[in-house]
Colleague: 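This is the structure I want to talk about, given as structure tokens.
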Amino acid sequence: MPDSPATRLVHAGRPPAVPGGPLNPSVELSSTFHAGTGPDGLADPAVRNYARVGTSTWEALEAAVGELEGGEAVLLGSGIAAVTAAVEVALAHAGGSTRVVVPARAYSGTVALLRHLRDTRGVDVVAVDPAEPGALARAAAVPGTGLVWLETPVNPTMELTDVREVVAAAAPGALVAVDGTFATPLLQNPLALGAHVVVHSLTKAVAGHSDVLLGAAVAADPALATALREHRTRTGAVPGPFEAWLALRGLRTLDVRLQRAQATAGLVARRAQEHPAVLRVRYPGLPEDPWHAVAQAQMRGPGTLLALDLPDAASAERVAASTRLWVHATSLGGVESLLERRRRHAAEPEAVPEGLLRLSVGIEDAEDLWADLAQALDGATRTAR
Ligand SMILES: *Cc1c(COP(=O)(O)O)cnc(C)c1O
């Protein structure tokens, strides 16, 4: 029986066990390497010669992420660099077909990138409501589609997409790419569901301590992985070795951090449902959630993120400003709990409600977190009356 992911992430990506050798990869700080010469007298392509092409520190994290996702991982300098790599490689793969299907709500940086490609390169970007059952699959089936972009769960509106359904419906030749950042490689494996590429912002739960920017794109098809790696070398969207080392260190504890934060997220979601200031709780772990069944079918757990709909922007801002433990800040997935009204950013898609608060649950004590959130919500209720 293969080891479970919780075990594998502790042991993956370690250097060979040799007497006196270190357990951990080192931070390889070298931009260049001693030259290797092939039988033809030219530079040996199998010998690393420059750090834009690869470093042993990247490779340790790539081995670990690739093992967890069931593919070949390519590290990039940020999550959005990984998104860009996947989109560019898919557009090149489509060989002229430029129809791209995307959810109308997704990470704001992804929406901005695709809008830019539409405006500057004429890419035909078709935005589909991710909350409408079957709509993404229907759009993916249209002949001439080159790329189907999925994000599941969606940041920040917590809609899920049935990846298998979209893969089965997609037009011949279309690549299906999934941004799996919210689920992490522990809770969901899109390649096993039939997707061609999965991307992660490792900045979030994988690194886990709000101190690193990093991304990865993972493909099961070696040709696709090579294309992603060549894109990285060509465009220079490379990570620093220290960032890769920190993220691998973060990955070692991902399972315990997730278990704790996920349990707290469930508790917060259930109690927030009962609070009079909250119109709606968005969390796929709730049996009432419209995405509960999809989560059960394709995820190992509902995750550590949730969203609360408050009546308006002012009450949501008031809650965000009156917590003591929950830090009012952007980003997610760190050990500390964060909250934010997403529409405070001009770049956030207008399809996200003004009063939506995104909550990233950390590893603090669950009752402490609930008490702090409850007093902030109480304040919002009193002011509204
Ligand atoms: C944060 C995030 C990104 C972008 O990652 P960076 O590391 O900030 O560049 C992409 N997708 C999702 C879902 C995210 O939450």
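In what follows, residues are counted from 1 in the order of the sequence shown. FYI, side chains are in, hydrogens and waters are out, and symmetry mates aren't considered; it's all heavy atoms of this structure. When a ligand or atom number is given, it counts from 1 through the structure's own listing order. Quick caveat, the model's predicted, so the values are computed rather than measured.
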Colleague: How far is atom 12 (C) of ligand 1 from the closest protein heavy atom, and which atom is that?
Modeller: Asp179 OD2, 3.4 Å

Colleague: Is there any N or O on Thr110 that sits under 3.5 Å from an N or O of ligand 1?
Modeller: no

Colleague: Can you confirm whether Arg252 is buried at CZ, in the sense that more than 12 heavy atoms of other residues, nucleotides or ligands lie under 6.0 Å from that atom?
Modeller: yes

Colleague: Check whether the side chains of Glu28 and Thr57 place a donor and an acceptor atom closer than 3.5 Å, and report yes or no.
Modeller: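 Side chains of Glu28 and Thr57: no pair found under 3.5 Å.
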
Colleague: Are any of the side-chain nitrogens in Glu62 or Arg229 under 4.0 Å away from the carboxylate oxygens of its partner?
Modeller: no

Colleague: Provide the number and element of each atom of ligand 1 under 4.0 Å from a heavy atom of Ser78.
Modeller: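 In order of numbering, the contacting atoms are 7 (O), 9 (O).
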
Colleague: Do NZ/NE/NH1/NH2 and the carboxylate oxygens of Arg271 and Glu367 come within less than 4.0 Å?
Modeller: yes

Colleague: What I want to find out is whether Arg341 reaches Glu348 closely enough, with some N-O distance under 4.0 Å, to be called a salt bridge.
Modeller: no

Colleague: Where is the nearest protein heavy atom to atom 4 (C) of ligand 1: which residue, which atom, and how far?
Modeller: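 Checking every protein heavy atom, the shortest distance to atom 4 (C) of ligand 1 gives Tyr107 CE2, 3.4 Å.
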
Colleague: Where is the nearest protein heavy atom to atom 5 (O) of ligand 1: which residue, which atom, and how far?
Modeller: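 So the nearest neighbour among protein heavy atoms is Ser201 OG, 2.9 Å.
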
Colleague: Does the side chain of Arg358 pick up a donor-acceptor pair with the side chain of Thr157 at under 3.5 Å?
Modeller: no

Colleague: Going by heavy-atom distance to atom 9 (O) of ligand 1, choose the closest among Leu213, Leu76, Ile80.
Modeller: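 Residue with the shortest heavy-atom distance to the ligand atom: Ile80.
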
Colleague: Scan side-chain atoms only and decide if Thr145 and Arg99 contain a donor-acceptor pair under the 3.5 Å cut-off.
Modeller: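 The answer is yes; a qualifying pair exists.
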
Colleague: Could you check atom 7 (O) of ligand 1 against the protein and tell me its nearest heavy-atom contact, residue, atom and distance included?
Modeller: Thr203 OG1, 2.6 Å

Colleague: List the closest protein heavy-atom neighbour of atom 6 (P) of ligand 1: residue, atom name, distance to the nearest 0.1 Å.
Modeller: Gly79 N, 3.3 Å

Colleague: Is the shortest N/O to N/O distance between Lys204 and ligand 1 below 3.5 Å?
Modeller: yes

